[in-house]
Amino acid sequence: MTQLLFSDHRLVQTAVVGDAHSDHPVLLPMDAAELDAWRRRHPDYTYWCGYELGGCGSKLTDRLYHDKVCHFAHVAGGPTCGRAATGESSADHLFIKRGLRKLLGQHGQRGTVETRDLGSGPGDAVDLHLPTARRRVRFQLSQLDYRGWRAANQTLGDDVDEVDWLFGTDGPLTKELLGRYGYSLRFRLETAGGERRVHVGAQTLAEPTVQWSPLEDCRITPTGLLAPATEAIRISPPRPKPLAFPINGTVHFALDPEVPVPGDSPFATEGRRLVMADVKSMDNPIVRAVLSLPDDSELPPAQYVYGTDSHDHPRLLVHEGGGWAVQLDRFYRLNAHDAARTGLSAATPEPLSTEPAAGIRKPETPVHPLPKVRAVADPRESRRSKKKRLAEPERNKVVVAPPKPSPEPVPLTRPEAVRRTRALLTEAAAKRRTVAWSEIGATAGPVLEGLSQSEITDFLVELEAPLTATKPVLSALLTEHGLPFLSCLPTVLAKLGVEYAADVPLHDPQLTEWVTVERQRAYAVFADPKAWVPPRVELRAPGEPAASPAPEVLASVRQEIFELVEQLEELRPGLYAGSAISKRIGDATRKARGWLRFHDLPDDEKEALSNSQRKGATANPEHLRRTLEEVRAEAARQAAIKTQPGDELRQLLVTVARRAATITRSELEGLRSVKDGAQELVLVEVDRNVSEDAPFLSALVTNDRGLPLSSFGKALQAAGYKVPASKYALRRAWRREQERAHAAYADPPRPLPERLVRRSEAQSPA
């Protein structure tokens, strides 16, 4: 048989089982003992360099070696194979495909799974199409830049509503999507015997560490692929917001409110109103453009010209889909002569006083909106020119056209009424007040007039859906006929999925408590400055004992933070005064003490504080608590470090393992107990007394190219293990120890893969 085989130096590790067209992948064990056991378990398997792997379609045979890595080899007589990828990750797309098909069957969902060749081979991507959910899920294996992602996203979205992207590597694109949408979905594969197990993860801005879950723990539902790590994430990406760029210099404009703004404008946002205007920036020509103005004030009179400068922070809004607008928060009215110089108005004298709308300021006033500003006559008009004007009354007589009647407002559509109602409730939350339902009906227009209770319920469900843990229920701010909340609120909550809401009587104290806390949540999110958002009250079944009220929860958090601060202060004297951890303790305790002082103040004193005094005092206690716990753990670790250099290094490597990461040799130079040039000696000592099941932590240290250090083989030998003879087998054992370290220190710990090295004869038990 040996004479029938090519000498294959490419270490082909993956194949398909059955025939050349199969998509059943297999990963050949590299260790001789593992391959021997594999053969006994699968005596009838035939292996092929399959087309789904980008292979030649020829038959393969497995080669067992004791002195080098076991691998597949092509049988003689076949065509020349041009397969580009042959390593253990070269069949990852087929393992993903098989895992997704299995999930579809387990959860009874209709869908298709296909691999994609995007230019570098059939393993570039895997697509899951869920026609019922009108959703696609793409596992992107090949490298992709932003422009390639954008083009692919448009193509994939032609016949679906949403496309979910999962990336196998971290890079500029994942960081871009993380900043754009607030989260990024990831996947990775780990070797286990002849399999590559798929894991799905999620990274958010609030939790930058990726949270991983095995694919078999995921669910395929009508809303897409859901994993424990992604359940709490809003899978459907929000509409990208326009980008904003500051405008340097002066901007002049004259409003034209009679011209409608396109209804689907990408610049429409809550709290803003859009209006067409003629805009002139610096010495540029006049252009017709969309203005975005504050929604909390009436439009200023259209017959005047207005201006704004850099101090008022005007911004140019640019949308990715095309188009632009100018966003203004504050502006002032020009006098007649300045307005004429802009070309936006003829030179006409102004009245001596007017009452402009909110948002207008005089050029000499501070840059913040004023509710009322009285315009004055042109200050540059000299006494001589004034006398001349009075002497020629007919020549300077101004003919004022009668004002045009205001056009009848166009009735709002239902989606517009939903957006308008949400904006009104958000504004009320920002002012820490409630809103009567009658106010909503009067403001939103005829679409809400004469609605029945069931129709009001459906309208509010549409406004609130989907219910999430972080988004307050704005309907809790609504009142009716003197009642503290809407009588249909329990039905709204029940339709949103709040447990036991349908069973709670309208006058039950727990419903009143739920509304009170939910209003506090809304105030904390939308009022300025932002405050800690208390947890949502859980309704309970009739007869179930009451849970701890929100004040008790806050008291518990306060006590926990207080104890953490005291523990940190006890650890701090034992640390170097100028060390990074000592500075971090100082920052963390300062914020914690500010939070404690703020929450110990009476409510009237809290309201009297200025924004600068409240800044930092209202930090998120969950984030503050996590920071304090991390600092305490790191401080305790450093305070407990002994004189042996291996102790400090071992603790560092445990931290690296918990993050499922590696560390380079150059990064160890910052350890004060590891002197220059002694890293490899210390690494050997770290694992010298490793137990039978514990991983070799020294495998987590790489050189600057991500390859193993020579100290790994020395660590194996020092611990009584046989060092593999070939560099390929040694590297395989090194990677396996990395996987074992990541599994051992995962949260929660995962089962450890089998070790690939054996005890030497001198160390083997009798």
Side-chain angles (χ1 to χ4, degrees), residues 242 244-245 247 249-309 312-319 321-351 354-363 369-370 372-373 375 398-413 416 419-420 423 445:
F245 303 94
I247 299 176
T250 303
V251 177
H252 297 125
F253 63 93
L255 298 177
D256 193 352
E258 296 184 2
V259 177
V261 177
D264 58 348
S265 173
F267 305 105
T269 58
E270 295 182 4
R272 313 286 304 181
R273 73 166 68 205
L274 301 180
V275 62
M276 298 302 297
D278 294 316
V279 179
K280 180 177 176 60
S281 173
M282 301 293 288
D283 296 327
N284 297 313
I286 299 172
V287 294
R288 175 58 59 99
V290 176
L291 291 187
S292 174
L293 303 177
D295 197 20
D296 58 357
S297 62
E298 296 182 359
L299 289 178
Q303 66 265 34
Y304 300 114
V305 177
Y306 303 90
T308 184
D309 50 43
D312 295 333
H313 308 294
R315 296 191 297 174
L316 178 67
L317 305 180
V318 180
H319 193 265
W324 59 276
V326 178
Q327 178 174 303
L328 304 174
D329 292 327
R330 293 158 291 187
F331 45 89
Y332 56 88
R333 204 185 84 194
L334 274 65
N335 61 48
H337 297 280
D338 286 344
R341 281 196 291 267
T342 66
L344 293 168
S345 173
T348 56
E350 303 178 35
T354 59
E355 297 291 339
I360 305 176
R361 69 169 179 83
K362 292 167 62 178
L370 300 176
K372 292 185 178 181
V373 179
V398 177
V399 179
V400 180
K404 297 181 180 179
S406 300
E408 290 293 327
V410 179
L412 298 180
T413 64
E416 291 172 340
R419 290 194 294 270
R420 179 59 178 158

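Since the structure is predicted, the reported quantities are computational estimates derived from the model, not experimental observations. One is the number of the first residue; the rest follow in order along the sequence.
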Flag side-chain contact, heavy atom, 4.5 Å: W324 against L316: yes

Indicate yes or no: at least one non-hydrogen side-chain atom of M276 is less than 4.5 angstrom from one of L291. no

Please check if the side chain of S281 supplies one atom and the backbone of V251 the other of a donor-acceptor pair under 3.5 Å. no

Pairing residues for R273 by the side chain to side chain contact (heavy atoms under 4.5 Å, CB included) criterion, not counting sequence neighbours: L293, D295, L299

Taking C-beta and beyond as the side chain, do T308 and R330 meet within less than 4.5 Å on heavy atoms? no

Any side-chain heavy atom of Q303 within less than 4.5 Å of one from L255? no

Step-by-step side-chain contact (heavy atoms from CB on, under 4.5 Å) determination, I286 to L344: CA-CA 8 Å; I286 299 172; L344 293 168; 3.7 Å; yes

Could you state the interatomic distance from NE2 (H337) to OG1 (T342), rounded to the nearest 0.5 Å? 13.0 Å

Below 4.5 Å, heavy atoms only, C-beta onward: do F267 and L274 meet side chain to side chain? yes

Are side-chain heavy atoms of F245 and L317 found at a separation under 4.5 Å? no

Lys/Arg-Asp/Glu bridge criterion (N-O < 4.0 Å) met for D338, R333: no

Looking at side-chain heavy atoms only, is the closest gap between P300 and F331 below 4.5 Å? yes

Counterpart residues, side chain to side chain donor-acceptor pair (under 3.5 Å), relative to R315 (two or more places apart): none

If you measure from CZ on R341 to NE2 on H252, what distance do you get to the nearest 0.5 Å? 9.5 Å

Taking the side chain as every heavy atom from C-beta outward, state whether R272 and P294 have any atom pair closer than 4.5 Å. yes

